[in-house]
2 protein chains.
Amino acid sequence: MTRESNRSGIAPPSPGIRDVSRVAGVSITTVSRVLNNSVIPSEATRRKVLEAVEKVGYRPDPLFSAALRRHRSGRGVEPVKTKTIGFLIMRGLQEAAHRRHEDYYSRVLSAVWNVASKQRYHVMFAEVDAGESRVPDLVAENRVDGLLVEAELSAALRKVLVHRLPTVFIDRTYADLAADAVVTDYVQAVTDVLGYLWQLGHRQIALFSDTVDRFYNHESLEGFHRFYESRGLPLLCPELSQPQDIHPEINDQVIDAYLTRLWSTKPRPTAVVAVSNVYAEFMLAHLAKMRRVVPRDLSVASLNDLSVTDIPVHPALTSYRASMDRIGASAAELLLQRIRDPQRPTFRLLVSGRMIERASCGPPPDTSELDLP
Amino acid sequence: MTRESNRSGIAPPSPGIRDVSRVAGVSITTVSRVLNNSVIPSEATRRKVLEAVEKVGYRPDPLFSAALRRHRSGRGVEPVKTKTIGFLIMRGLQEAAHRRHEDYYSRVLSAVWNVASKQRYHVMFAEVDAGESRVPDLVAENRVDGLLVEAELSAALRKVLVHRLPTVFIDRTYADLAADAVVTDYVQAVTDVLGYLWQLGHRQIALFSDTVDRFYNHESLEGFHRFYESRGLPLLCPELSQPQDIHPEINDQVIDAYLTRLWSTKPRPTAVVAVSNVYAEFMLAHLAKMRRVVPRDLSVASLNDLSVTDIPVHPALTSYRASMDRIGASAAELLLQRIRDPQRPTFRLLVSGRMIERASCGPPPDTSELDLP
DNA sequence: CTGAAAGCGCTTACAG
DNA sequence: CTGAAAGCGCTTACAG
């Protein structure tokens, strides 16, 4: 049926646009146009072509099309795509996950695949190092139409990527970059976790956030304040809920000082909520050193269940976990939308999840010690 | 520097083979040849070209090359590739992993990426349904040079894929198919698990395998017999270590009958090793119903830690787990080798792992009951 | 060993 | 609205 009809039986040549044009009785130009909607063809022609496509089982060779359009597309005409999106994951994040036998990153990827494949997109997978500044191969080689980024790239690279390709960031947003993002809903997270602690009897609760200009700090603080306001209560220990000046190198000292301060506050908080698991885990380690028993002496919770430290955690941390399936699916949707319409305004999509009750929270230590309002 | 030199500042056209040829002072034909090794060029030319490539920062457009070569490659000349491999994972397997928060499949993928990216290969990810018989899009569209298959495809599809593309199967081999495979070393697995049980004091150990013509049955049986032979002992309860006629629909009855038989055997086995976690988990469920306590009354172990059932497992199963990193890395190596040399003989690579000691094994119940040789 | 030329499958000015 | 023709970047017979 196609060209020379295969005598060998090996690698049957797939039908080309030429086969379609022959069967449809139109020029290959017309076939191409029907398939790409560049010029609107007559309804009759369109039908003829589509029928022929069906009949010969034609699938355009996306590699050729993509390569061609990339170089020749004039303004106005939307360039054809590789029909592939890239999923960039940070090596550190993922190795940490593996160390802990965590599956979240494969869940995100799986959700991405489900959405992408339904729209006949392919998914390319790549790992990048934290702080990466080189353009990843799949971008340099124009292999993808868009990018899902679950990695902390260098500021320069971020800018290059966003400029060059539709890009959706997962679990991170950047004030200086107009790009889509899918992030955990930290307002929801802090609200749920505080509600849980409240119900256990806690009234004096501190929020441990940091001074980095990241959405999770702002949002959890906002949720924190809202929570207390909605209950008509003043913040009981506002200085302990101020963002802390902390970076990886000084985690130890800052947490140490913080807990010492906490313990000398009167009335002292009976629970601490840390914006990230990393901080919460450092706290558990320090509390163990201080011979404090969690949750008997202090309840500890975290707003982000994604752990990246090597610290052995005991007791298991009660925390909030965004739905990985929804994060992956939403990110993919957002990206495919943007590929279709690069002009649409950027979105930031908040995904909520659920609290995971583990062992690090319990009733407050001693009700008599508390200044109940 | 390239063509019209970009006035717009947007989307700087990347240098082409033409730029390289101009800088090197050779024809584009020669550049192409140096880059693809199709005809061996003179050392001087080669150097000139390579320098020019470096200088202009040329990267061949892999989409074009791949598409071209696919259709024109004559015999003898190795066709250029998309420089992409596909990773096919079975949806069921992966959903089961997610249900259990298992990370093994992301580990395999990660290892695949590490190997592939070092050789500048891309990785495409796709999920397929169990028993899938449609050619996956990434193959139909010629997006990949080779395939890693961690999925149970229909026999027909398997054949098509192996015929069409270099393919490496992960954790499965097929007698009727000359294809590379990376599988768990079941001889090693059974040897390690038996050694562990032996050391706990068990002498009467039964192996639960099935009659399906799969390598894991043959190998674990072989390892099992070797183990007893090497200790100069006869098999003590050979009928219980015969492959069992079992399929998913009758799991319940067969396991039930098996355990009843086991319990009436004299001297009765004090430990059972199941070739798969599925069987072992069914056993735990049945033993619970029979009011038998594991491991007090019977020790249970499994040779494959990858679980796909929904059965709540108690106590946690002691089992053998192949190294996912090594499986992924080896599979990728094997695939890239085969892409380079499609003629090389097929390999079956056995990957060992380690025993994971959990709670389902303990000392044998009552030493006086045992007929120690 | 090297180059000029044809051509891969497809898209897109250009001219009806 | 449609087609003949040029051309995308590259590879590969073909002819030196």
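Basis for what follows: all heavy atoms, side chains included, without hydrogens, waters or symmetry-related copies. Each chain gets a letter, A, B and so on, in the order the sequences are listed, and its residues count up from 1.
- Contacts of B/Val26 with the nucleic acid, taken as non-hydrogen atoms under 4.0 Å apart, involve only primed sugar atoms and P, OP1 or OP2.
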Inset, instruction - Go through B/Glu333 and B/Asp180 one step at a time and tell me if the side chain to side chain contact (heavy atoms under 4.5 Å, CB included) criterion holds. - result: CA-CA 11 Å; B/Glu333 302 273 20; B/Asp180 293 319; over 6 Å; no

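- Nearest to the side-chain atoms of A/Tyr58 among the listed nucleotides D/dA4, C/dC10, D/dT11 stands C/dC10.
- Relative to the side chain of A/Ile28, the nucleotides C/dT2, C/dC10, C/dT12 differ in distance, and C/dC10 lies closest.
- Using a 4.0 Å cut-off between charged nitrogen and carboxylate oxygen, A/Arg134 and A/Asp129 do not count as a salt-bridge pair.
- Taking atom C1' in both C/dT12 and C/dG16, the straight-line distance is 16 Å, to the nearest Å.
- Checking D/dG3, D/dC1, C/dG3 against every side-chain atom of A/Thr45, the shortest atom distance belongs to D/dC1.
- Annotation: B/Tyr174 is in aromatic contact with B/Phe169 [ring centroid separation under 6.0 Å].
- In this structure, B/Arg33 places its CZ atom 13 Å from P of D/dC14, rounding to the nearest Å.
- Note: CZ (B/Arg18) to C1' (C/dA5) measures 13 Å, nearest angstrom.
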Inset, instruction - Using Watson-Crick or G-U wobble pairs with both distances under 3.5 Å, give me DNA chain D in dot-bracket, 5' to 3', with [ ] for crossers and | for pairs to another strand. - result: |||.||||||||.|||

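- Among the nucleotides D/dA5, D/dC1, D/dC10, the one closest to the side chain of A/Ser42 is D/dC1.
- Atom CZ of A/Arg22 and atom P of C/dC10 are 13 Å apart (whole Å).
- At a cut-off of 3.5 angstrom, counting only N and O atoms as typed in the model, there is a donor on one side and an acceptor on the other between the side-chain of B/Thr29 and the base of D/dT12.
- A salt bridge links B/Glu152 with B/Arg158: the distance from a Lys NZ or Arg NE/NH1/NH2 to an Asp or Glu carboxylate oxygen falls below 4.0 Å.
- Considering CG of A/Leu50 and OG1 of A/Thr45, their distance stands at 11.0 Å, rounded to 0.5 Å.
- C/dC1 and C/dA5 have their P atoms separated by 23 Å, with the value rounded to a whole Å.
- With no hydrogens or angles considered, no side-chain donor-acceptor pair links A/Thr29 and A/Ser32 at under 3.5 Å.
- With rounding to the nearest 0.5 angstrom, the CE atom of A/Met124 is 6.5 Å from the CG atom of A/Leu138.
- Whole-Å rounding puts the B/Ile17 CD1 to C/dA4 P distance at 14 Å.
- Among the nucleotides C/dT11, D/dA4, C/dG3, the one closest to any side-chain atom of B/Thr30 is C/dG3.
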